[in-house]
A.B. asks: 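One structure coming up, written as structure tokens, with questions to follow.
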Amino acid sequence: MSHNAILALDIGGSKTHAVRAVDGVIVSESIVGSANVASVGTAEAGRQLDVVIDRLGGSMGIRAVCAGAAGVDTPESVKILYDLLDARLPNAQVRVVHDSQLILAAAGVLDGIAVISGTGSVAWGRSGDASARAGGWGYLLGDEGSGYWVAREAIRRLLARMDDHHPGQQLGQELAADCGLSDAAELLNHFYAQTDRRYWAGRARVVFEMAKAGDPLSAGIVDAAATALAELVLQVGAQLRIAGPVVMAGGLAVNQPMLQRGVRRILAGRGVADVRVLSVDPVRGAVELAQRLSDR
């Protein structure tokens, strides 16, 4: 077992993607349950870290570890995850960052802006020693332009149309069918009964399919999502006084070309021309950051 290994983790709300690398080359990889303290609690996070470290060959030989995690927004939340890793990897240097910071590193971009649209949404950027962030407030207060937001917005607009006796028939029928319901009128109760945000983020696909088919209600929601994500980018850009490059990441952004086109169009109108879509797993960014830690 090499004594020059690094451990890289991308810790999301639903899963943990981890790799072991030697001299920048990935030698083992594993995906386990979430080790996100905010989502599963400290005990379960520790258990998942035990599982993934064991699967990747144990702690021996690991010189540095970088964990990018959703929800590490305060010094206290960083310290909890740091301590969990430090206890399991006593001979390694440990770095914990917000998962948005993995995106630029994964894209090979030093200075720029990352915008994530998955279950939630956030933008983060850096320029030299300065960094800035916008969004990432969570589903109750924000996450505009995310998968969850798109589905919730679809239901909200459908309900408003029903109240006004102008139902969005096509979108309502398709969304209800995708949820296993017989009528769009059942969506209200179903939304409150089904509380898993990942479930609703998965329904965003229906809105994009309907938008592509020409449904105006769906197209309006997609436009609103693109506008929201572009605004996050512009807020970070204004704070750092940079205009990109911009790297889009997250399940919704990567898998929905219509959303990519919308964001590109809006940003181009505001002078931001270099907009890319992440083409590798974000955990590659954790590899890069851990390698920098190891090389110090």
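The figures that follow rest on heavy atoms only: side chains count, while hydrogens, waters and symmetry mates do not.
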A.B. asks: Decide yes or no on side chain to side chain contact (heavy atoms under 4.5 Å, CB included) for N36 and Q48, but give the supporting numbers first.
C.D. replies: CA-CA 9 Å; N36 187 289; Q48 293 296 338; over 6 Å; no

A.B. asks: Should the pair R203 and Y199 be classed as cation-pi, given the thresholds of under 6.0 Å to the six-membered ring centre and 45° from the axis?
C.D. replies: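 Here R203 passes the 6.0 Å and 45° test against Y199.
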
A.B. asks: Should the pair D10-K15 be classified as a salt bridge under the 4.0 Å nitrogen-to-oxygen rule?
C.D. replies: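 The answer is no: the pair does not qualify as a salt bridge.
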
A.B. asks: Keeping T227 on the side-chain end and D223 on the backbone end, is there a donor-acceptor pair under 3.5 Å?
C.D. replies: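 At least one qualifying donor-acceptor pair exists.
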
A.B. asks: Return yes if a side-chain donor-acceptor contact under 3.5 Å exists between D215 and S218, otherwise no.
C.D. replies: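 The answer is yes; a qualifying pair exists.
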
A.B. asks: Applying side chain to side chain contact (heavy atoms under 4.5 Å, CB included) to R276 and M248, what does each step give before you reach the verdict?
C.D. replies: CA-CA 6 Å; R276 314 168 190 182; M248 297 183 67; over 6 Å; no

A.B. asks: Hey, any chance V272 and I266 share a hydrophobic cluster, counting ILVMFWY side chains that come within less than 4.5 Å of each other, even indirectly?
C.D. replies: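 No, it is not one cluster - the side chains of V272 and I266 are not joined through contacts under 4.5 Å.
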
A.B. asks: Do F208 and I155 belong to the same hydrophobic cluster, where Ile, Leu, Val, Met, Phe, Trp and Tyr are linked whenever their side-chain heavy atoms lie under 4.5 Å apart, directly or via other members?
C.D. replies: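 In one cluster with F208: I155, yes.
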
A.B. asks: Can you find a heavy atom in the side chain of Q101 that is under 4.5 Å from one in the side chain of R95?
C.D. replies: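 Sidechains of R95 and Q101: in contact.
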
A.B. asks: Using modelled atom types only, decide if a donor and an acceptor are shared between the side chain of S100 and the backbone of A123 within a distance under 3.5 Å.
C.D. replies: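 Side chain of S100 to backbone of A123, a donor-acceptor pair under 3.5 Å: no, none is there.
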
A.B. asks: With the side chain counted from C-beta on, respond yes when L278 and I103 share a heavy-atom pair under 4.5 Å apart, and no when they do not.
C.D. replies: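 Yes, at least one pair of side-chain atoms sits under 4.5 Å.
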
A.B. asks: Quick one: does V122's side chain get under 4.5 Å of H98's, heavy atoms only?
C.D. replies: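 Side-chain contact under 4.5 Å: yes.
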
A.B. asks: How far apart are the C-alpha atoms of E288 and R284, what are their side-chain angles, what is the distance that settles it, and do they pass the salt bridge (Lys or Arg N to Asp or Glu O under 4.0 Å) test?
C.D. replies: CA-CA 6 Å; E288 172 65 24; R284 297 287 184 138; over 6 Å; no

A.B. asks: With side chain to side chain contact (heavy atoms under 4.5 Å, CB included) as the test, would you mind laying out the steps for L240 and D111 before giving the verdict?
C.D. replies: CA-CA 10 Å; L240 296 176; D111 292 343; over 6 Å; no

A.B. asks: Between L232 and S121, which heavy-atom pair has the shortest distance, and what is it?
C.D. replies: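 Looking at all heavy atoms of both residues, the closest pair is CD1-OG, 4.1 Å.
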
A.B. asks: What do you reckon, are the aromatic ring centroids of W200 and F191 less than 6.0 Å apart?
C.D. replies: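 Yes, ring centres under 6.0 Å apart.
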
A.B. asks: Please round to the nearest 0.5 Å and tell me the distance separating atom CG of L56 and atom CZ of R20.
C.D. replies: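 Answer for the CG-CZ pair, L56 versus R20, is 7.5 Å.
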
A.B. asks: Show the nearest heavy-atom pair for residues Q256 and R205, with the distance to one decimal.
C.D. replies: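 The pair with the smallest heavy-atom distance is NE2-CA, 4.2 Å.
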
A.B. asks: In this structure, which one of D99, V52, L81 forms a side-chain contact (heavy atoms from CB on, under 4.5 Å) with I11?
C.D. replies: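 The side-chain contact (heavy atoms from CB on, under 4.5 Å) with I11 is passed solely by L81 among D99, V52, L81.
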
A.B. asks: Looking at OG of S59 and CZ of R88, how far apart are the two atoms once the value is rounded to the nearest 0.5 Å?
C.D. replies: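 Interatomic distance, S59 OG to R88 CZ, rounded to 0.5 Å: 11.0 Å.
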
A.B. asks: Once rounded to the nearest 0.5 Å, what's the spacing between atom OG1 of T42 and atom CZ of R47?
C.D. replies: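 T42 atom OG1 to R47 atom CZ measures 14.0 Å (nearest 0.5 Å).
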
A.B. asks: Let me confirm one number: the NZ-CG distance from K79 to D86, rounded to the nearest 0.5 Å.
C.D. replies: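 Spacing of NZ (K79) from CG (D86) equals 9.0 Å.
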
A.B. asks: D274 and V246: side chain to side chain contact (heavy atoms under 4.5 Å, CB included), yes or no, with the steps?
C.D. replies: CA-CA 6 Å; D274 188 350; V246 175; over 6 Å; no

A.B. asks: Hydrophobic clustering (ILVMFWY, side-chain heavy atoms < 4.5 Å, transitive) - are W124 and V280 grouped together?
C.D. replies: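 Yes, same cluster.
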
A.B. asks: If we ignore angles and hydrogens, is there a donor and acceptor under 3.5 Å between the side chains of Q235 and E231?
C.D. replies: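 No donor-acceptor contact under 3.5 Å links the two side chains.
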
A.B. asks: When clusters are formed by joining ILVMFWY residues with side-chain heavy atoms under 4.5 Å apart, either directly or through shared neighbours, do L104 and V236 land in the same one?
C.D. replies: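 As far as the 4.5 Å side-chain criterion goes, V236 and L104 are not connected within one cluster.
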
A.B. asks: Locate the shortest heavy-atom distance separating A151 from A204; write the atom from each residue and the value.
C.D. replies: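 Shortest heavy-atom contact: CB-N, 4.3 Å.
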
A.B. asks: List the atom of V40, the atom of S34, and the distance in Å for their closest heavy-atom pair.
C.D. replies: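 Residues V40 and S34, closest heavy atoms: CG2-O, 3.6 Å.
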
A.B. asks: Can you tell me how far CD of Q260 sits from CG of L252, rounded to the nearest 0.5 angstrom?
C.D. replies: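 Rounded to the nearest 0.5 Å, the CG-CD separation comes out at 9.5 Å.
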
A.B. asks: Are L7 and L84 grouped together when hydrophobic residues (ILVMFWY) are joined by side-chain heavy atoms under 4.5 angstrom apart?
C.D. replies: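 In one cluster: yes.
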
A.B. asks: Search all heavy atoms of G172 against all heavy atoms of L187 and return the closest pair with its distance.
C.D. replies: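 Closest heavy-atom pair between G172 and L187: O-CD1, 4.1 Å.
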
A.B. asks: What are the two closest non-hydrogen atoms of I113 and G244, and how far apart are they?
C.D. replies: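 Result for this residue pair: CD1-N, 4.3 Å.
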
A.B. asks: Does the side chain of N91 come under 3.5 Å of the side chain of R63 through a donor N or O and an acceptor N or O?
C.D. replies: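 No, because no side-chain N or O of N91 sits under 3.5 Å from a partner of the opposite role on R63.
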
A.B. asks: How long is the gap from CG on L217 to CD on E153, to the nearest 0.5 Å?
C.D. replies: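 Separation between the atoms: 9.5 Å.
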
A.B. asks: Looking only at atom types and distance, does a side-chain atom of D281 sit under 3.5 Å from a main-chain N or O of V283, one as donor and one as acceptor?
C.D. replies: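 Checked: no pair found.
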
